[in-house]
There are 2 protein chains.
Amino acid sequence: MKKRVTVKDVARYANVSPSTVSRVLNGYPFIKESTRQKVERAIRELNFEPDELARSLITRKTKTFGLVVDISNPFFSETAKVIINRARERNYDILIYDTSDDEDMEQIARFLINKNISGMIVGTVERADRSCEKLADEGFHVVFFNRKPDNSKLFSVTIDNRKASRLAVEHLVQKGHRRIAFVGGLFKYSTFFDRYLGFLDAVQEFGLHFDEELLFSGKLTSENILRFVSDILKKENRPTAIIAASDLLAITVLSAVSSNGLKVPGDVAVVGFDNIDISSNPYIGLTTVSQQKTKMAEIALDQLMYIFENGIGKDELPEPVVLEPKLIVRNTT
Amino acid sequence: MKKRVTVKDVARYANVSPSTVSRVLNGYPFIKESTRQKVERAIRELNFEPDELARSLITRKTKTFGLVVDISNPFFSETAKVIINRARERNYDILIYDTSDDEDMEQIARFLINKNISGMIVGTVERADRSCEKLADEGFHVVFFNRKPDNSKLFSVTIDNRKASRLAVEHLVQKGHRRIAFVGGLFKYSTFFDRYLGFLDAVQEFGLHFDEELLFSGKLTSENILRFVSDILKKENRPTAIIAASDLLAITVLSAVSSNGLKVPGDVAVVGFDNIDISSNPYIGLTTVSQQKTKMAEIALDQLMYIFENGIGKDELPEPVVLEPKLIVRNTT
DNA sequence: ACTCATATCGCAAACGATTTCAATGATTCC
DNA sequence: GGAATCATTGAAATCGTTTGCGATATGAGT
């Protein structure tokens, strides 16, 4: 059981008081250059690392952020990887709060605050109600990731989902498709809703016929999707392409298509969103609109760290970041 | 900014000293029943929750465990979900340590110990060297999950991988297959090695011809696998079935098969291991040997919590748990 | 009644940092 | 040259618990 080296030890070694050591540690401005050096040298030579526990006990904050996602969803586990590793490099910890269904954001925040956690990155959760804004006053910061809080001043990083959809349609139109179905998620999620809007945009832009019946937006169970796709494929003028609002959905669509005896992409083209890892597996080879998930993850974390470390002026609202979607063409179109 | 209620408040309210409150909190035996009741009532009425930070500062341990896995691998993100949620119910936290490649176990442990973390569940990492055993003396406990430490006294929960392989072969033999290929991972991982051994067992048991050339065990890149599968499928007496040592591998195998113009399961049958979520997607419909991942996750966590809370006697080694594999037949066989 | 063991509990010192307050020394200003 | 200012540091309190030690009370044993 090795002995811990504390600020006291450093202080004694450097011939100063513990307070001074602490000040050096925290970048307090009024320290004589020479003593700063002494202290820093002592820190180095004694191999001192401040005890975050003791530190947190008094400052009432930890270098830990919550990551609120559905961790078994590949899109999120893949981005979580990025966030976790980047956080580790910077000596922060990430606590994953797993949530599949919609939970009350404020309740989640309370849970994290109780653990003295300093902020959270929210990926799931229905929609950002304004309750989160107040939390900033308590020193708890919230950034949105992949979802755009409507009507709120909180920071978010997303892709331009509307444009993303347009990209998908454009690609299909170029391939000669005119009847395109859209399998969307629940519209209360901004992501899905925006993708739907973009779809409508494009339908109009390219002068396609809009058919209410080629649109699905219910609960995303396998059965629902299989049934819907089967139904539309049995119509006399069936669609020749299907856009699914996520890769996971798209894969289910693929199965519905082939179980109806049709070929992809010959009879029906399919495109998804997100570009999760499995989509690039040659067996799937899904054409998809990429989210730039790595970049998105990095920005979300960086922003959170920034406002945590520097605070946030009353009026300087961080501009939401909107990334460009990118079409990745593979074998399903 | 609400005021925190502390043991002091509780003490005053119950008319005892803080020490007594603390003792009640920790189940100290010599407390008069009547005062225990008083204190408990005070705790309830004041809605007191002990500050884990302060607690940890002095006890030098946290109610946090590390989970060492490759979090973007579906098998692990799916089990992580189980572990995280179960931990949360019990008021424990999970810190994910993401690692794709082999890192030194002891170094990871040191990292976690520095954060006052009390133990870890190890899912990845090449193999458990004995260095982890010493850590128990420092109060840091290690349990293995999905990997069996060879030659070590540490706790582990796995499935009977050897039997799992046998199950797969048996199933294929029943379907009339006699020439079966095996795509395994690196043998330094106990999981993969055991699956290989089970394969050999079964080859012998069912009197199959063993052909060195139908065996792959190199680095698991997509290219390697595609090439290998293509090669063996081009032979004049090609295998009629392929076993892949994980579902992810199996899906890649599927693509290799179809890109060689062969049909699954008509021309070639394929079976995987793990039963990750995507495998049940009808488009994949992979026949696989299930790991009982949920149960495995639960046991690992429970065991870790148990030895953390009750300590571990010098000589009572916890028996490793080995779960039964279960064959799940879908459309690839 | 007088030990003595055994419950039961409170005091005060930890744990390892931060932070307020005041003291000191140096510098500047008139 | 004395007052005022400002940079620089240390002493001590604090954060919210746990815990070693000692004090008291209680009851058993003789």
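Source: prediction; values computed, not measured. Below, read A as the first sequence line, B as the second, and so on, with proteins coming before strands; counting in each chain starts at 1.
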Per-nucleotide protein contact string for nucleotides 10-19 of chain D (B base, S sugar-phosphate only, - none; heavy atom under 4.0 Å): BBB-BBBBBB

By side-chain contact (heavy atoms from CB on, under 4.5 Å) - contacts of A:D277 (at least two apart): A:E78, A:K293

Those residues of residues 32-42 of chain A lying under 4.0 Å from DNA chain D by at least one heavy atom: A:K32, A:T35

Set of side-chain contact (heavy atoms from CB on, under 4.5 Å) partners for B:V82, sequence neighbours left out: B:T294, B:A297, B:E298

Mutual orientation of the aromatic rings belonging to B:F75 and B:F145 [parallel < 30°, tilted 30-60°, perpendicular > 60°]: parallel

Over all atoms of both residues, closest heavy-atom pair of B:L25 and B:I43: CD1-CD1, 3.4 Å

Any donor-acceptor pair under 3.5 Å from A:T191 side chain to A:N146 backbone: yes

Other residues, nucleotides, ligands: >12 heavy atoms within 6.0 Å of B:K38 NZ: yes

Ionic contact status for B:D104 with B:R110, cut-off 4.0 Å: no

Helix axis bend for the helix from C:dA1-D:dT30 to C:dC30-D:dG1 - C1'-based end axes, five pairs, 10° rounding: 50°

Interface limits on DNA chain C, where chain A has a heavy atom under 4.0 Å of a nucleotide atom: C:dG16 to C:dT20

A:L53 backbone acceptor or donor facing A:D51 side chain under 3.5 Å: yes

Beyond-backbone contact of B:T64 with B:I94, side-chain heavy atoms, under 4.5 angstrom: no

Presence of salt bridge, A:D93 and A:R88, under 4.0 angstrom: no

side-chain hydrogen bond (donor to acceptor under 3.5 Å, both in side chains) between B:S17 and B:S19, worked out: CA-CA 5 Å; B:S17 80; B:S19 345; 3.1 Å; yes

Any side-chain heavy-atom pair of B:F65 and B:L301 under 4.5 Å: yes

